[in-house]
Trainee: 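So that we are looking at the same thing, I have put the structure below in C-alpha cells.
Note that ligands are numbered from 1 as they come in the structure, with each ligand's atoms numbered from 1 the same way. Just so it is clear, the values below take in all heavy atoms, side chains as well, and ignore hydrogens, waters and symmetry mates.
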Amino acid sequence: MLYRAPRGTSDILPQEQAYWRYIEQKVAEIAELYGYERIDAPAFEDTKLFARSVGEDTDIVKKEMYTFEDRGGSLLTLRPEGTAPVCRAYLEHGMKNLPQPVKLYYIASIFRYERPQAGRYRQHYQFGYEAIGDDDPALDGEVIDMAWQFFLSVNLRSLSLQLNSIGCQKCRPNYVAALKGYYASHTQELCSDCKTRLKRNPLRLLDCKKPSCQMVADSAPRSIDFLCPECADHFSRLKRYLQLLDLPFVVNHHLVRGLGYYTRTVFEIQPEEGGAQSTLVGGGRYDDLIEELGGKPTPALGFAAGIERIILNLKKQKVAIPTLAKPRVFIAYLGDEAKEGAIKLASALRGAGIGVIEALGDKSLKAQLRQANNLDVRYAVIIGEQEIKAGTVILRDMTSAQQKSVPVSQLQGLLK
Ligand code: HAM
C-alpha cells in the first residue's frame, strides 16, 4: 500500500455513516428547539485569530496548531476549535445589530497536532452552539440544558455534568495569586509540565491528570472562594436555574478548561466512568472574547462536543441507531431489448422517488438474482423479451421468492 490516511486521521466509512447522520440530525433538532441557526466558517483562519483568542500560553497555540504560510505569504491556521471563528464572523457581519443574543451552531472538522490515541485525533469533528450578546445566567442554564438534552435525545446515559466558575478579569487575578502562592510551596511534588505551567498558566495546574499533581490540587485554593460579588451572584443564580431544570450537576473545583478565553461559568460532560480522553462536551462563558477581537464588550457563552467520542460511547452503550435508507428494488433483465427497457424503467422509478439498483453486464438471471440477494433488496423486477412485448414485468418478492406478472403501468403503485 503506497498511502495511508495521515496519523491521527481516519476515513468515515459507509458503515459508520448512520451514526454521523443520527448525530447531525439530533444536533439540528436541538438547534431548532432552542432557536440556533447554522453557520459554517472556513476551515482555516488568520493564525492571529486563534493565538489571540485561545491564548498564547495554551497547549493548543503553543504545540498543536497546523499553521502554514500560503503562497501569498499569509500566515494561516487550520481551525483548532470553533468558537473564535464564530466570534470573528459575528464581528465581520455586524451581528451586533441583530436581536441579542445571536444564537449560532456549527458542525466542523477540527485540527490539533496531538498524540493520537482512542478518542483523541489530529482531525476530529465537533458540533458547537454559541450564544453571543447576553450575560443572564439563565442563558448559561439554557445552554447547559441544551447540552444535557442532546445526550438524552441520542439515548446516551450514565453521564456526569461538571460545573465551576472561574471568575472574571476583576476577581481572577486574586485567585491566580493565591494559587501561585499555594503551589510555590509544593513545587517538589509537581510533574515537569506543571512546573512550567506554574509560571505561564497556573490555572491549568488544577486539571493535570498525574496522580501526584492531583493530590496537590486537592488541597489548592478554590476559585469559587475568590469570586467578586457579581460573579458569585451569577454563579449562585445559575445553580438555582440548573436545579429548576432538574439537571444533576456537580461543582468540580478543578475544572478550569484548556482554552484561555473563559470567564465565569465553565462546564463539561463526561461518561461517569471517566478517563483522560473521555470528555464529551466542554464549554463555558467567554465574556471578554468579542472585545479582545476588536468588538464592543459583549458577553457570550457556548459549548462544543466531539462527535467521534460520542460515537464511541453510543457503541459502548449499545445504543440502537436508525439505519440509513437504501434502494429496495433491483432490476434484472435478459437480452439487449430488455436492458433498454430496464434502463428506462429504473429512471422512471427513481423519478417517482423509488430507489433502484440496476443490473449491469450480461450476467445470467441466476447471477443477477444472487446479486439482488446480496444487496438485501426487498423486490427484484425482472424483464425479458416477452415482458417487453406484453408491457409487463415480473415482480419477485426476495423474502418469499414468490413472483407474479404485473403490468408496467401498475408497478410504481405496487412498489410504493
Ligand atoms: P474543547 O474542550 O477543546 O473545547 O473541545 C470540545 C470537545 O471536542 C471535547 O470535549 C472533546 O469531546 C472533543 N475533542 C477535543 N479534542 C479532541 C481530539 N483531539 N480528538 C477527538 N475529540 C476531541 C473547545 O474547543 C471550545 N471551542 C468549546 C466551546 C464552545 N467553548 C465555548 N464554546
Side-chain angles (χ1 to χ4, degrees), residues 6-10 12 23 27 36 39 41 45 49-50 53-55 58-61 63-66 77-90 101-132 139-140 142-144 146-147 150-151 156 159-164 166 204 207 255-271 274-290 299-314:
R7 197 162 124 75
T9 71
S10 49
I12 304 168
I23 291 172
V27 169
Y36 284 67
I39 183 165
E45 300 266 358
L49 172 71
F50 296 116
S53 53
V54 177
T58 57
D59 283 353
I60 292 182
V61 172
K63 306 188 215 162
E64 296 173 1
M65 296 207 303
Y66 282 89
T77 294
L78 297 183
R79 64 183 157 223
E81 64 102 45
T83 306
V86 170
C87 292
R88 194 260 312 131
Y90 174 91
V102 172
K103 295 174 163 181
L104 301 168
Y105 81 100
Y106 50 89
I107 301 177
S109 50
I110 301 288
F111 306 87
R112 295 182 185 175
Y113 187 80
E114 295 199 82
R115 200 164 46 78
Q117 60 187 75
R120 195 210 267 156
Y121 314 102
R122 290 184 174 167
Q123 176 181 334
H124 72 277
Y125 287 81
Q126 289 183 2
F127 64 84
Y129 298 84
E130 314 287 351
I132 304 176
L139 186 59
D140 304 45
E142 187 184 281
V143 165
I144 295 172
M146 190 163 54
F150 170 82
F151 287 106
L156 265 189
L159 302 176
S160 99
L161 169 58
Q162 321 238 335
L163 180 71
N164 198 10
I166 56 170
R204 287 316 301 275
D207 71 352
L255 182 61
V256 289
R257 309 275 304 126
L259 300 102
Y261 47 62
Y262 290 108
T263 51
R264 293 187 166 174
T265 311
V266 288
F267 70 99
E268 287 188 351
I269 295 178
Q270 295 165 0
Q277 256 57 66
S278 62
T279 304
L280 299 174
V281 163
R285 266 203 175 273
Y286 45 91
D287 288 344
D288 302 330
L289 182 52
I290 296 276
L301 89 152
F303 72 85
I307 297 182
E308 289 85 350
R309 290 187 190 179
I310 294 173
I311 293 175
L312 284 174
N313 281 277
L314 288 171

Trainee: So if I count the atoms of ligand 1 from 1 in the order they appear, which ones are less than 4.0 Å from some heavy atom of Tyr262?
Mentor: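 Checking each atom against Tyr262, I get 26 (C), 28 (C), 29 (C), 31 (N), 32 (C).
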
Trainee: Verify whether one side chain among Thr83 and Tyr261 offers a donor that lies under 3.5 Å from an acceptor in the other.
Mentor: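 Judged by distance alone, the side chains do pair up.
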
Trainee: Which word best sums up how the rings of Phe303 and Tyr129 line up, parallel for under 30°, tilted for 30 to 60°, or perpendicular for over 60°?
Mentor: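 Judged by the thresholds at 30° and 60°, the geometry between Phe303 and Tyr129 is tilted.
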
Trainee: Considering only heavy atoms, which of Arg79, Arg257, Arg120 lies nearest to atom 1 (P) of ligand 1?
Mentor: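 Shortest heavy-atom distance from atom 1 (P) of ligand 1: Arg257.
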
Trainee: Specify the protein heavy atom at minimum distance from atom 18 (C) of ligand 1: its residue, its atom name, and the distance to 0.1 Å.
Mentor: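 Nearest protein contact, heavy atoms only, for atom 18 (C) of ligand 1 is His124 ND1, 3.4 Å.
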
Trainee: Would one find an N or O of Leu259, backbone or side chain, under 3.5 Å from an N or O of ligand 1?
Mentor: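 No, no N or O pair falls under 3.5 Å.
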
Trainee: Heavy-atom contact under 4.0 Å between Gly128 and ligand 1?
Mentor: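 No, Gly128 has no heavy atoms under 4.0 Å from ligand 1.
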
Trainee: Between the side chains of Tyr36 and Glu130, does any donor sit under 3.5 Å from an acceptor?
Mentor: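 There is no such pair (donor and acceptor under 3.5 Å, judged by atom type) between the side chains of Tyr36 and Glu130.
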
Trainee: Would Tyr286 count as a contact residue for ligand 1, given that I'm defining contact as a non-hydrogen atom of the residue lying under 4.0 Å from a ligand atom?
Mentor: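 Yes, that is the case, since the closest heavy atom of the residue is under 4.0 Å from the ligand.
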
Trainee: Give a yes or no on whether a salt bridge exists between Arg115 and Glu64, defined as a side-chain N under 4.0 angstrom from a carboxylate O.
Mentor: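 No, Arg115 and Glu64 are not salt-bridged.
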
Trainee: In this structure, does ligand 1 have an atom that sits under 4.0 Å from one of the heavy atoms of Arg122?
Mentor: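 Arg122 does not count as a contact of ligand 1 under the 4.0 Å cut-off.
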
Trainee: What is the closest protein heavy atom to atom 9 (C) of ligand 1, and at what distance does it sit?
Mentor: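 So the nearest neighbour among protein heavy atoms is Thr279 O, 4.0 Å.
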
Trainee: Quick test: of every protein heavy atom, which one is nearest to atom 28 (C) of ligand 1, and how far off is it to 0.1 Å?
Mentor: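 Minimum-distance protein heavy atom for atom 28 (C) of ligand 1 reads Gly282 O, 3.4 Å.
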
Trainee: Fit a plane to each ring of Phe127 and Phe150, take the angle between them on a 0 to 90° scale, and name the class: parallel (under 30°), tilted (30 to 60°) or perpendicular (over 60°).
Mentor: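 If you compare the ring of Phe127 with that of Phe150, the planes turn out tilted.
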
Trainee: Could you please spell out the steps behind the side-chain contact (heavy atoms from CB on, under 4.5 Å) verdict for Leu255 and Leu163?
Mentor: CA-CA 7 Å; Leu255 182 61; Leu163 180 71; 5.7 Å; no

Trainee: For Asn164 and Val266, indicate whether the former's side chain and the latter's backbone hold a donor-acceptor pair under 3.5 Å.
Mentor: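 It does not hold such a pair.
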
Trainee: Hey, is Leu301 touching ligand 1 through its side chain, its backbone, both or neither, going by heavy atoms under 4.0 Å?
Mentor: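 No part of Leu301 is near ligand 1 at this cut-off.
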
Trainee: Between the side chains of Arg309 and Thr279, does any donor sit under 3.5 Å from an acceptor?
Mentor: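 Result is no, nothing qualifies.
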
Trainee: What atoms in ligand 1 come closer than 4.0 Å to a heavy atom of Gly283?
Mentor: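 This gives 31 (N) as the contact atoms.
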
Trainee: Students should be able to answer this: which protein heavy-atom is nearest to atom 19 (N) of ligand 1, and at what distance?
Mentor: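 Its nearest protein heavy-atom neighbour is Glu114 OE2, 2.5 Å.
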
Trainee: Would you tell me which option among Gly82, Pro116, Gly119 has the nearest heavy-atom contact to atom 21 (C) of ligand 1?
Mentor: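 The option holding the nearest heavy atom is Gly119.
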
Trainee: In terms of atom number and element, which parts of ligand 1 are under 4.0 angstrom from non-hydrogen atoms of Glu130?
Mentor: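 It comes down to these atoms of ligand 1: 30 (C), 32 (C), 33 (N).
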
Trainee: Looking only at protein heavy atoms, which one is nearest to atom 25 (O) of ligand 1, and how far off is it?
Mentor: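 Residue, atom and distance for the closest contact: Arg112 NH2, 3.1 Å.
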
Trainee: With heavy-atom distances below 4.0 Å as the criterion, list the atoms of ligand 1 near Leu280.
Mentor: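 Within the 4.0 Å cut-off of Leu280, ligand 1 contributes 10 (O), 12 (O).
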
Trainee: With heavy atoms under 4.0 Å as the rule, classify the contact between Val281 and ligand 1 as side chain, backbone, both or neither.
Mentor: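 Only the backbone of Val281 comes within reach of ligand 1.
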
Trainee: Who's closest to atom 26 (C) of ligand 1 heavy-atom-wise, of Tyr106, Tyr261, Phe303?
Mentor: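 It is Tyr261 whose heavy atom sits nearest to atom 26 (C) of ligand 1.
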
Trainee: Treating Arg122 as the side-chain partner and Glu114 as the backbone partner, does any N or O pair qualify as donor plus acceptor under 3.5 Å?
Mentor: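 Yes: the side chain of Arg122 pairs with the backbone of Glu114.
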
Trainee: Take a 6.0 Å sphere around OH of Tyr113 and say whether it holds more than 12 heavy atoms from other residues, nucleotides or ligands.
Mentor: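 Incorrect, the count does not exceed 12.
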
Trainee: Gln126 versus ligand 1: do any nitrogen or oxygen atoms come within less than 3.5 Å of each other?
Mentor: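 By distance alone, the answer is yes.
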
Trainee: Going by atom types alone, do Asp288 and Thr263 pair a side-chain donor with an acceptor below 3.5 Å?
Mentor: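 Short answer, no.
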
Trainee: Identify, for atom 13 (C) of ligand 1, the protein heavy atom at the shortest distance, and state residue, atom and that distance.
Mentor: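 Among all protein heavy atoms, the one nearest atom 13 (C) of ligand 1 is Gly306 CA, 3.6 Å.
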
Trainee: Please report which non-hydrogen protein atom sits nearest to atom 20 (N) of ligand 1, along with the residue it belongs to and the distance in Å to one decimal place.
Mentor: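 The closest heavy atom on the protein side is Tyr121 N, 2.9 Å.
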
Trainee: Apply side-chain contact (heavy atoms from CB on, under 4.5 Å) to residues Tyr262 and Ile166 and explain how you reach the verdict.
Mentor: CA-CA 8 Å; Tyr262 290 108; Ile166 56 170; 3.8 Å; yes

Trainee: In the protein, what heavy atom is nearest to atom 27 (N) of ligand 1, and what distance, to one decimal place, separates them?
Mentor: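 Protein heavy atom at minimum distance: Glu81 OE1, 2.7 Å.
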
Trainee: What do you reckon, does Gly258 put a non-hydrogen atom under 4.0 Å from ligand 1?
Mentor: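 For ligand 1, residue contact (heavy atoms, under 4.0 Å) with Gly258 is absent.
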
Trainee: Is the shortest distance from a Lys or Arg side-chain nitrogen in Arg88 or Glu45 to a carboxylate oxygen in the other one below 4.0 Å?
Mentor: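 Between Glu45 and Arg88 there is a salt bridge, with a charged N closer than 4.0 Å to a carboxylate O.
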
Trainee: Applying side-chain contact (heavy atoms from CB on, under 4.5 Å), run through Tyr105 and Ile39 and close with a yes or a no.
Mentor: CA-CA 6 Å; Tyr105 81 100; Ile39 183 165; over 6 Å; no

